[in-house]
2 protein chains.
Amino acid sequence: MVTAQPEGREPARKRRAPVTSRGEDKRRRILEVAGELLATRGYAGTSLADIAEAAGTHAGSLYYHFDSREQLAEEVLTSGTRAAMDHTRAAVDALPANASSRRRLETAITAHVAFILERSPAALAGARAVGQLPPPLAEPLHALFREYGDYFAELFEAAAADGAIDPTVDLRAARMLVVGAANWTAEWFRPDGPSSAEDVGQLLCRLIFDGIGTGRRRPAPRPTGAGEHR
Amino acid sequence: MVTAQPEGREPARKRRAPVTSRGEDKRRRILEVAGELLATRGYAGTSLADIAEAAGTHAGSLYYHFDSREQLAEEVLTSGTRAAMDHTRAAVDALPANASSRRRLETAITAHVAFILERSPAALAGARAVGQLPPPLAEPLHALFREYGDYFAELFEAAAADGAIDPTVDLRAARMLVVGAANWTAEWFRPDGPSSAEDVGQLLCRLIFDGIGTGRRRPAPRPTGAGEHR
DNA sequence: GTCTATACTAGGATAGAC
DNA sequence: GTCTATCCTAGTATAGAC
């Protein structure tokens, strides 16, 4: 009760009432450095002591702001992923109303790539960690990723529907290949390379629509069994 | 025809005296189940107790066969990755000598995808774990991945050199996008889906060379700054 | 709000019986 | 070779001073 815990019990979260702006700042700072550490070292490689040190505090002190390591990680990962999704949606929504389905998909992809590569370590951490997390933590993140995936699915389907991409391909597989390529960029991209994040996004778009081959187009490598899609 | 590692050397590893064929069998069994667990739960999510139980033994007993958890994991991950590389090389080498550079690249990609998806949990585990591992373990695996990456780089460069793919693109970026898409398949591919592993590999090849767009080809989305690459 | 000190646990590793 | 028992460390989490 030193902490002035008004015995009206806290809900699920910790969440401090006071909100001395300094306190909220600290909390944000913790989330920020946690995002960076999670992005570079992964969930398993990041201890509370690591986070605390990077945030200029001590492991025990983190419990004033968060209930547990898992809750902290969940907040970082889901907020990062949500930020990426919001950013991507906003970029698409900013297009003129008559933008083509191709343009919309291209915009979403480049926005996503650019965002995870240069804007949000937390988003990158989410992309890297998904599928590598202990079950209780994995669930909420998976739900979010499914939502994000559904959004991309809409864009792909719209493009297929109005003929911008071949509607006979397995759209889900194509989408997953693209998402995989995008998320994997975190493993190799370096800002000082010959291509910027924007360039990488554009290149990925080119792979989707045109490829980088020079030969005459071969519509479908395998005439049979292409599947219908999702 | 692919892997036939003849147990030759045994340097800094554990002793090797016994070799009751039953003992070697046990060792292999441990490596096998470890591969499966690492592929599904990741390195951090797999304890020695998990591995021991799956192999029908006890945690302490593993130390008869391996020096440490890290060494065990390293052996699983590197041998899986090496097997994938050997398999891919063998598939390419099996092509007629006059096979086109495009055909060679396509063969490598489909072989790699099919191998990690349906042949080797350990290879899949390597692909998923790389970049998410504690430094001492990460190093040897990174070296292997670099070697494998170099092999793909050769195939891409050969294709660019004889005009099968646009030589003005950042080849390294293109290659990494492709590798990323391939390795990420582990996160979403299900054998009972509409596309087989083979289909997914083919689709990825199509993305590289032709794309799945229907419009007239736009050679380079961005006339400037395409970079020359490595 | 943040500190220090400490309890507690999971899991890696070792020893010795068999 | 494998088992059981145990040690030991790292790391999460709690308590209470300030």
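Every chain is numbered from 1 and lettered A, B, ... according to where its sequence line falls, protein lines coming before strand lines.
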Next on the checklist: Whole angstroms only, please: what is the CZ-P distance between A/Arg27 and C/dT2?
Outcome noted: 12 Å
Checklist outcome for this item: Here the distance between atom C1' of D/dT2 and atom CD of B/Glu53, to the nearest Å, is 16 Å
Item to check | Between D/dT12 (C1') and A/Leu137 (CG): distance, integer Å | outcome: 14 Å
Checklist entry - What integer distance in Å separates A/Phe66:CZ from D/dT14:P? => result 15 Å
Checklist entry - Is A/Arg27 positioned over the aromatic face of A/Tyr64, cation under 6.0 angstrom from the ring centre and no more than 45 degrees off axis? => result no
Checklist entry - Whole-Å distance between D/dT12 P and A/Leu62 CG? => result 10 Å
Next on the checklist: Walk me through whether A/Asn183 and A/Val130 qualify under side-chain contact (heavy atoms from CB on, under 4.5 Å).
Outcome noted: CA-CA 11 Å; A/Asn183 286 342; A/Val130 74; 5.9 Å; no
Checklist entry - Taking the six-membered ring where the residue is Trp, are the ring centres of A/Phe152 and A/Tyr148 under 6.0 Å apart? => result yes
Checklist entry - Any side-chain N or O of B/His58 under 4.0 Å from OP1/OP2 of D/dG1? => result no
Checklist outcome for this item: Residues passing the side-chain hydrogen bond (donor to acceptor under 3.5 Å, both in side chains) test with A/Asp86, sequence neighbours excluded, are none
Checklist entry - Would the number of heavy atoms belonging to other residues, nucleotides or ligands and lying under 6.0 Å from CD of B/Glu53 be above 12? => result no
Checklist outcome for this item: A correct 5'-to-3' footprint of nucleotides 5-17 of chain C, with B, S and - meaning base, sugar-phosphate only and no protein heavy atom under 4.0 Å, is -------SBB---
Checklist outcome for this item: Taken to the nearest whole Å, OH/A/Tyr64 to P/D/dT14 is 16 Å
Checklist entry - Below 4.5 Å, heavy atoms only, C-beta onward: do A/Thr81 and A/Phe145 meet side chain to side chain? => result yes
